[in-house]
Every structure is written in structure tokens, then in C-alpha cells.
Amino acid sequence: MNGWVALGLLSVFSLLALAWFVRASKGLWQIGAAAVLLGMTGYALQGRPSAPSSPAKPLEGSEVAATQLVDIRADMDQSFGGAKRWLITADSFAKQGEYALAASYIQSGLRSDPKNADLWSALGLQLMLASDGQLSAPAELAFDKARAIRPSYPAPYYFVGLARMLSGDLDGAILLWEKTLSLATPNAKWKDVLESQLQAAKALQAQTVQVQLDVPSK
């Protein structure tokens, strides 16, 4: 069986079980659904849905997840100049869990190159990782700066969408991921991964709507 199909079936069974246990609580459903999608996102990021399963880990405690996010951002980078020397070092810090140090190093790069969208987006990601996956005000500002400098740059849309998903805003995440996908070049390395994530998110969205319709009003 194709790994992505198996992952999709597993997610459906998980959501059905979740709906049964928390059908009376919309808030619990949203939290649980976000957790299921986060697990699916972790699989998609690693690109190995056929690999043996392992317990999901929060962003703050998973250097593997952080490494995958850093690698996706690197695939989305569009600078070929001086920003790379800052990003390579900062990414190595991040992959060791030193997110604050990585952010500080990127800020040094921004002092010499304040109009670099890749640096601003990388700063947003490091601040997001340092905040346990939450979109803090400084992280949001950094992503906004990246978009203002280069509106066609996909990375800020993707990571803000991820933050929306982690906060339970599935609809907002889907809109931002659709925007990200519209900015992909034909040969973008990350395109297939995002397409899989977006399909999973839309399936979860449909399940969420159905469960809410099935919940009897009090």
C-alpha cells in the first residue's frame, strides 16, 4: 500500500475515534484534530510515511522536527549571495536546538543586509521555534518583513500557516498553504510535501465540519 494512502487511512480512523470521544466538546475536538494533523505534518516533513511509527513529539522537544522545518525553509530560500553565510551557521545552531542563538546570529546578518527576505523569514522561523511553535509578535513581524520585501516568497506563508494550524486555526492554515503552493516553481523540492500536507489538512477540515454538524445542540 502507498505510504501516503496508509497515512490518510490512519488519520481518518484517528479522527473518527476522536470524534466519538469528544463529540460533545467543540473545543476538545479542535485541539485533538490539530494534534492529529501535526502528527501527519511530521510524517510529511520527513517524507517517509512508510517508515515505522514513533510517538509524536512537541516542536520544543524535537530536534528532528526542527531540522526538517529548517531544511524546508532552506529549500524555499531564493538568495544566492551573502545571506547564505549567515544562514548556514544559523541553521547549524538551530539543528542543535539553539534557536535563540540562531536568531541572534541572523539578526547580525540583518544589520548588514536589512532588505534580505531570506534572512527575515529565517529569523521568523527561529523565533517561532524558540516559542514552542507559536507565532509570537516578533516572529510575525519578521515574516511580515519578508513578505513586504518579496511578496512572491513562499516561506513566510508556509510557516505562518503552520503556526495557524498549531494554534487550531485550520481554515487559516489551509488558506496560507494554498497561497504558498501558488508560489511554487515547477521544480520546487518542497512542492510535493506541501501538496500532501494540504490534502491532509483539507480532509481534516471536511471531517471537522461533518463532526460539528453531527453534534446535537444543547
Quiz item: What residues form a side chain to side chain contact (heavy atoms under 4.5 Å, CB included) with Glu140, not counting sequence neighbours?
Solution: Leu135, Asp144, Arg164

Self-check item: Reported CG-to-CZ distance for the pair Leu127 and Phe159, which is rounded to 0.5 angstrom
Solution: 13.0 Å

Practice problem: Please identify each residue that fulfils side chain to side chain contact (heavy atoms under 4.5 Å, CB included) with Lys115, with sequence neighbours left out. | Solution: none

Exercise. Please report the closest heavy-atom contact between Pro114 and Ile149, naming both atoms and the distance.
Key: O-CD1, 4.0 Å

Quiz item: Which pair of heavy atoms, one from Trp190 and one from Pro154, lies closest together, and at what distance?
Solution: CZ2-CG, 3.7 Å

Exercise. Could you list the residues that satisfy side chain to side chain contact (heavy atoms under 4.5 Å, CB included) with Thr185, not counting sequence neighbours?
Key: Ala188

Self-check item: For Trp120, all residues meeting ring-ring contact (aromatic ring centres under 6.0 Å, His included), sequence neighbours excluded
Solution: none

Quiz prompt | CG-CG distance between Leu110 and Leu119, expressed to the nearest 0.5 angstrom | solution = 5.0 Å

Quiz item: Pairs in or reaching into residues 174-188: which pass salt bridge (Lys or Arg N to Asp or Glu O under 4.0 Å), with residues at least two apart or in two chains?
Solution: Glu178-Lys202

Quiz item: Does Thr180 reach the main-chain N or O of Leu176 with its side chain, forming a donor-acceptor pair under 3.5 Å?
Solution: yes

Quiz item: For the residue pair Trp177 and Tyr158, what are the closest heavy atoms and their distance?
Solution: NE1-O, 3.0 Å

Quiz item: For the atom pair CD1 (Ile72) and CG (Leu194), what is the distance rounded to the nearest 0.5 Å?
Solution: 8.0 Å

Quiz item: Looking only at heavy atoms, what is the nearest atom pair of Met76 and Ala155, with distance?
Solution: SD-CA, 3.4 Å

Exercise. May I ask you to decide if Gly109's main-chain N or O and Ser112's side chain share a donor-acceptor pair within less than 3.5 Å?
Key: yes

Quiz prompt | Contact check, side chains of Gln126 and Val70, non-hydrogen atoms, under 4.5 Å | solution = yes

Practice problem: For residues Tyr99 and Ala94, report the shortest heavy-atom separation together with the two atoms involved. | Solution: CE2-O, 3.3 Å

Quiz item: Hey, does Leu123 have a side-chain heavy atom less than 4.5 Å from the side chain of Lys145?
Solution: no

Quiz item: Is any side-chain heavy atom of Asp77 closer than 4.5 Å to a side-chain heavy atom of Tyr153?
Solution: yes

Exercise. For the pair Arg150 and Asp118, find out whether any cationic side-chain nitrogen is under 4.0 Å from an anionic carboxylate oxygen.
Key: yes

Quiz item: side-chain hydrogen bond (donor to acceptor under 3.5 Å, both in side chains) with Asp91: which residues, sequence neighbours excluded?
Solution: Arg73

Quiz item: Taking Ser121 for the side chain and Ala117 for the main chain, is one N or O donor matched with an acceptor at less than 3.5 Å?
Solution: no

Quiz item: Quick one: does Val160's side chain get under 4.5 Å of Arg147's, heavy atoms only?
Solution: yes

Exercise. Could you pull out the closest heavy-atom pair between Leu183 and Pro151, with the gap in Å?
Key: CD1-O, 4.2 Å

Exercise. Supply the atom-to-atom distance Asn116 CG to Trp86 CH2, rounded to the nearest 0.5 angstrom.
Key: 11.5 Å

